[in-house]
Each structure stands twice: as C-alpha cells, then as structure tokens.
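The structure appears right after this line, and notes come after that.
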Amino acid sequence: MPLVIVGHVDHGKSTILGRLLADSGALPAGKLEAVRNYCSRNSKPFEYAFLLDALKEEQSQGITIDAARCFFKTIKRPYIVLDAPGHVEFIRNMVTGASHADGALIVIGAKEGVQENTKRHGYFLSLLGVKQVAVLVNKMDQVGYEEEAFEKVKRDYTHFLREVGIAPREVIPVSGFYGANIAQRSSEMGWYKGPTLLEAIDLFEGAQCSTAAPFRFPVQGVYKFTEKEDERRILAGRIETGVVRVGERVTFSPSGQTSIVCSIEGKGEAGYSTGITLEDPLYITRGEIASKQSIPRVAEKLLVRLFWLDKETVREGNHYLFKLGTQKVECTVSEIRKVFDSVTLEEKDKRFVERHEVGEVVLDLGEKIACDLSNEVVETSRFVLVHQYRQSGGGVVEKVLSKYEKEEISTITMGMREKRQGHRGKIFFLYGDDQKKLVGWAQKIEKALFRRGVLVYTSLFEPDAKKAYFMAERVGVVLLLVGDRVGMELAPSCCISFTEAEDTENSADTILDLLNE
Ligand code: GDP
C-alpha cells in the first residue's frame, strides 16, 4: 500500500521513517549497527535519519529504485512510503499521477506545534482526495510525554483538518527517536489507549477501496492485431479504479460507444496496466475512458479547484493545455470565482491566482472530455494544466457546468424559484431495455412525486432536446426522462436503472431525498 509522509521540516519525518524501517525488520542485517558504529567513530550522536540517508545513498546507486521511496512490511501487507521532499514536488507528483498514495502520515512536532507547512500539507491532501490520514504528534519525549501537550496539538490540528474536510483516522502521540508508539506501545504514555503507528496503518483500507469504486479505464493506446483479416483491436491502458470481467458491457466516454469485453490481457483490476479487446470493432481513440454502469461525466465546461505552481499568474482569458487521464485538450480560464490562501484557507479578494494559491476556477474546454467529480471518483477527477510545456498547476474537478450556463439572462435566480416551490429542479434518467415497463414505472413515480407537491414532468428522452431539459431544470422542474441508456451527463445518483425503477415508491423517496439535499 502506497503511503505518503509529510510534515514541516525538522518535525521528525526521517526519524520516524528510519524507526519504522528498523522496528518492522525491513533493514538489511547489520545496517543499524553499521550506522551506529559510524556515528560513534565520528563522535556524532546517532540519528535514525542517517540510517535513511545511508539507505537512500545505496538505493540511488541502483538504477531502478527511486531514492524517495522506502519499503517495509507488516504481517498484514507490504508498504511503500513516499517521502515527499517538498510540498511542490509532492503536489506535482500527485496530480500528474507519478505518485499515488492511499493514505498519509502527517508529522507534527509536539513542542513546535502546527506550522504553516503542516496546514498546507493537510490542505493539499484533502485537495487531492487522500482522505485516510494518521496524524503523528512526534517528539513526545520533549514535552515529558504529557497528555495535555498532545491534546493541544491534536485539538489545533483536527480543527484545521475538519475545515478542509478530513477526519483523521488516528492522532497518535509518538517519539520517533525513542520508538514510542511506532511499533511498540510506549510505557511512558499509559494514558494513550489508541493504536501504535503500525497498527494504525494496518487499519487503513487498501486497494479494495479503489477496486470497489466504479470501473475507470482511460485508453492509452489502440493496437491492431497484425494477423491478416483480424479486425480486433487491443485497447491498452491502466485501470484507475474498479474491476472489469470478460462478458461485461463497457461504455466509452466521451464518444458514448458501447460493447462487450471479449478478452482481458492481464489483470482486470484497479492499479493494473492491461489490454482489453471488444466484441464489436468500435472506433476508439486514445483518451476515452471506459466504464460500466456508472459512467463518467462528459463535459465542456468545468468548475475546478486549482492549485497553481507556476510563476506566471492565472488570469481570466488565459489559455492552457488541460490533461486529465490520457486526454489532452485546449482550455480557457473563463472565470475565477474564488482564490484561497493555501495556509490560512482565507478567501482573498482578487480575481487572479498566484503561485501556491488555490483557486475555484471555471475552465472552458475546446472539446468534450470525460471526467469524474472529486467527491465521486477522485482518480479520474485529477487534472494538470500545462503552460509552455511546463506542468504549471493541477487539481480536481468539482463540478460539471452546463455549456448553456452563460446564456442565462433570466433575472429570477434558481434560489428564488426553489424558495417558492420548496424544491429545486433536477433531471433524473430512468434507463433500461424494456421501454414499455419503464414508462409505466416512470408514470407511477411521477404521480407519487406530484402527490407530494413536486413540480414534475415525464418524457421520453430525445437527444436534441437536451438544451430544453437543462432549461427546465433551471426553472425548477423535476424531469423524469426515459431512455434505453443514460443519454446525457448526469450524476450517478440521478441515473435510475431498470431494476431500481421497478420499486416505484422507493425511487420516488430517493428522488425526494436528492431534491432536499
Ligand atoms: P525531518 O526534517 O522532518 O525529516 O526531521 P528529522 O527526522 O531529520 O528530525 C529533525 C531533528 O529532530 C533531528 O535532530 C532528530 O533527531 C530530532 N527528532 C526527531 N524525532 C525526535 C523525537 O521523537 N524526539 C526527539 N527528542 N528528537 C527527535
């Protein structure tokens, strides 16, 4: 399981990592003694961080091992810890997909307390969708192992994390230097009843969480069989989330083509690079995202949370290259709605985003792309903006905006309408092969909603009427559209399958809940 360790400089990241390696038995035999001997020969106090340096030096001489990765194992599973040298590199690696972390360890010195970078890191982790976090309040020996000192840091930091939407799994008082609560329970901190660091990470959810997510397979390349007359093609790429099996129907977005999986070359699970072949000879190109029942959004206009890394400021009207998964399109910054300080999280009164700031920004894309929202499938919501061949910023997609949004000239806002009607407008799609049955159920759901005072209308889906549907939604109408498959970009919660639709009372309840959310 890949983890990332972050923290303000000198709060003890390397020491904790060194300890983790030593105490989990990951070190080569004699390594610890060799470094201890070296220190005493040179009359230096021993540091666990030296151990790490010594290992990195060795590793970096090998060609294949990245110097910033450490490996260790518990009985439960193996771990890789990415030691993020600086937050900029960390963010860059995370958004470009060069690094991936299922969980994070945030180190805070007990005496030093929460610092700027501690906050920044927490914010970035939340921005990038790393929600499994263990906070390590380190150097507890320096505060006499006192509960009070620990509680203060814990209070300060969990309060901050809550603001950015992270509830830490554990906050653990540790001493990296003395090995307290790393692998062994500390005898000095009997007041602490929670898990040690090793126990805490074993409680993290592993890859199951990405295999349980909806299937997402961004196509990297399409290869033809070389045999004559063989019309089949292999679609190659890396499965970002979910699983796929032979015989399942897959949809490609944004083109909307569908087919059945004929073969899988390799493993059909999240995290694996694989190739799939289809029953039908579809024309699929690099960049499309394959999915199953719950399909990604197709969008030309996005509201994104952007973290900016470049010296050149982002202004409205600027053009960049937008990269998400294997898709690449031109984009224009059409609106800068909000700008935040990445440390204080305070909103700034300005309409441009400078280096190390976070912006809530609207991007107009040159072409349709497929993507997900960060609160649904974060892996396929991450994007990078490229400016003059530099990866200048990155972030996550928060919302898909209607292309027609800018044509809004009505002076009565959606909020005003909602207040009068008691609910907002929303489009729901009932989809399935048996249209006759589906229409019958849609009518029942419509009646149930109407009886409960909802302004509702049912219609057979007509691709050319999308604009009208969006407009009805803005007026506050609840639309029930019936079709053989979901024909427009809607949230998965608004797509009601054939089997769900049959339970009409329950569907009506679900719809009501979504309207009141
Ligand atoms: P990093 O910059 O976050 O990687 O911090 P280091 O691991 O290099 O630690 C910075 C300094 O803090 C070093 O001198 C460590 O020996 C010291 N240190 C780290 N953990 C502890 C601890 O638990 N107790 C004490 N007393 N010192 C520590």
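Each ligand, and each atom within it, is numbered from 1 in the order the structure gives.
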Check: So which protein heavy atom does atom 20 (N) of ligand 1 come closest to, and at what separation?
Finding: Asn138 ND2, 3.1 Å
Checklist line | Geometric N/O contact Met140 with ligand 1, under 3.5 angstrom | finding: no
Checklist line | For Asp310, the option from Arg390, Gln388, His387 that meets side chain to side chain donor-acceptor pair (under 3.5 Å) | finding: Arg390
Next item on the list: With heavy atoms only and a cut-off of under 4.0 Å, state how Asp141 meets ligand 1: side chain, backbone, both or neither.
Entry: side chain
Margin query: Just to confirm my output: which protein heavy-atom neighbour is closest to atom 22 (C) of ligand 1, and how far is it?
Written below: Phe177 CB, 3.3 Å
Note to self: Using a 4.0 Å heavy-atom cut-off, which part of Lys13 comes near ligand 1: side chain, backbone, both, or neither?
What the structure shows: both
Next item on the list: Before giving the answer on salt bridge (charged side-chain N to carboxylate O under 4.0 Å, His left out), spell out for Glu360 and Lys399 the whole-Å C-alpha distance, their side-chain angles and the decisive distance to 0.1 Å.
Entry: CA-CA 11 Å; Glu360 213 179 274; Lys399 211 169 161 190; over 6 Å; no
Note to self: Using a strict threshold of under 4.0 Å (side-chain N to carboxylate O), is an ion pair present between Glu376 and Arg216?
What the structure shows: no
Note to self: Is it the case that the side chain of Tyr157 and the backbone of Thr118 share a donor-acceptor pair, with hydrogens and angles ignored and the cut-off at 3.5 Å?
What the structure shows: yes
Check: Would you say Gly12 has any N or O atom under 3.5 Å from an N or O of ligand 1, going by distance alone?
Finding: yes
Next item on the list: Using a strict 4.0 Å threshold on nitrogen-to-oxygen distance, state whether Glu199 and Arg185 make a salt bridge.
Entry: yes
Next item on the list: Just need the protein heavy atom nearest to atom 13 (C) of ligand 1, so name the residue and atom and give the distance.
Entry: Glu47 OE1, 3.4 Å
Margin query: Under the criterion side-chain hydrogen bond (donor to acceptor under 3.5 Å, both in side chains), I'd like the reasoning laid out for Asp341 against Tyr123: C-alpha separation, chi angles, the key distance, then a yes or no.
Written below: CA-CA 10 Å; Asp341 182 299; Tyr123 191 22; over 6 Å; no
Check: If we ignore angles and hydrogens, is there a donor and acceptor under 3.5 Å between the side chains of Thr241 and Glu379?
Finding: no
Item checked: Taking atom 4 (O) of ligand 1 as the reference point, the nearest protein heavy atom with its distance -> Ser14 OG, 2.5 Å
Checklist line | Protein contact to atom 9 (O) of ligand 1 [nearest heavy atom, distance to 0.1 Å] | finding: Thr15 OG1, 3.5 Å
Notebook entry, point to check: Any ion pair linking Lys348 and Glu357 (charged N to carboxylate O, less than 4.0 Å)?
Noted result: yes
Checklist line | For atom 2 (O) of ligand 1, the protein heavy atom that lies nearest, with its residue and separation | finding: Asp10 N, 2.8 Å
Item checked: Minimum-distance protein heavy atom relative to atom 18 (N) of ligand 1 -> Lys139 CE, 3.7 Å
Item checked: Structural part of Val174 in contact with ligand 1, heavy atom criterion under 4.0 angstrom -> neither
Note to self: Would the distance check show the side chain of Arg355 and the main-chain N or O of Leu309 forming a donor-acceptor pair, the cut-off being under 3.5 Å?
What the structure shows: yes
Margin query: Under 4.0 Å from a heavy atom of Ser175: which atoms of ligand 1 are those, numbered in the order shown and with their elements?
Written below: 22 (C), 23 (O), 24 (N)
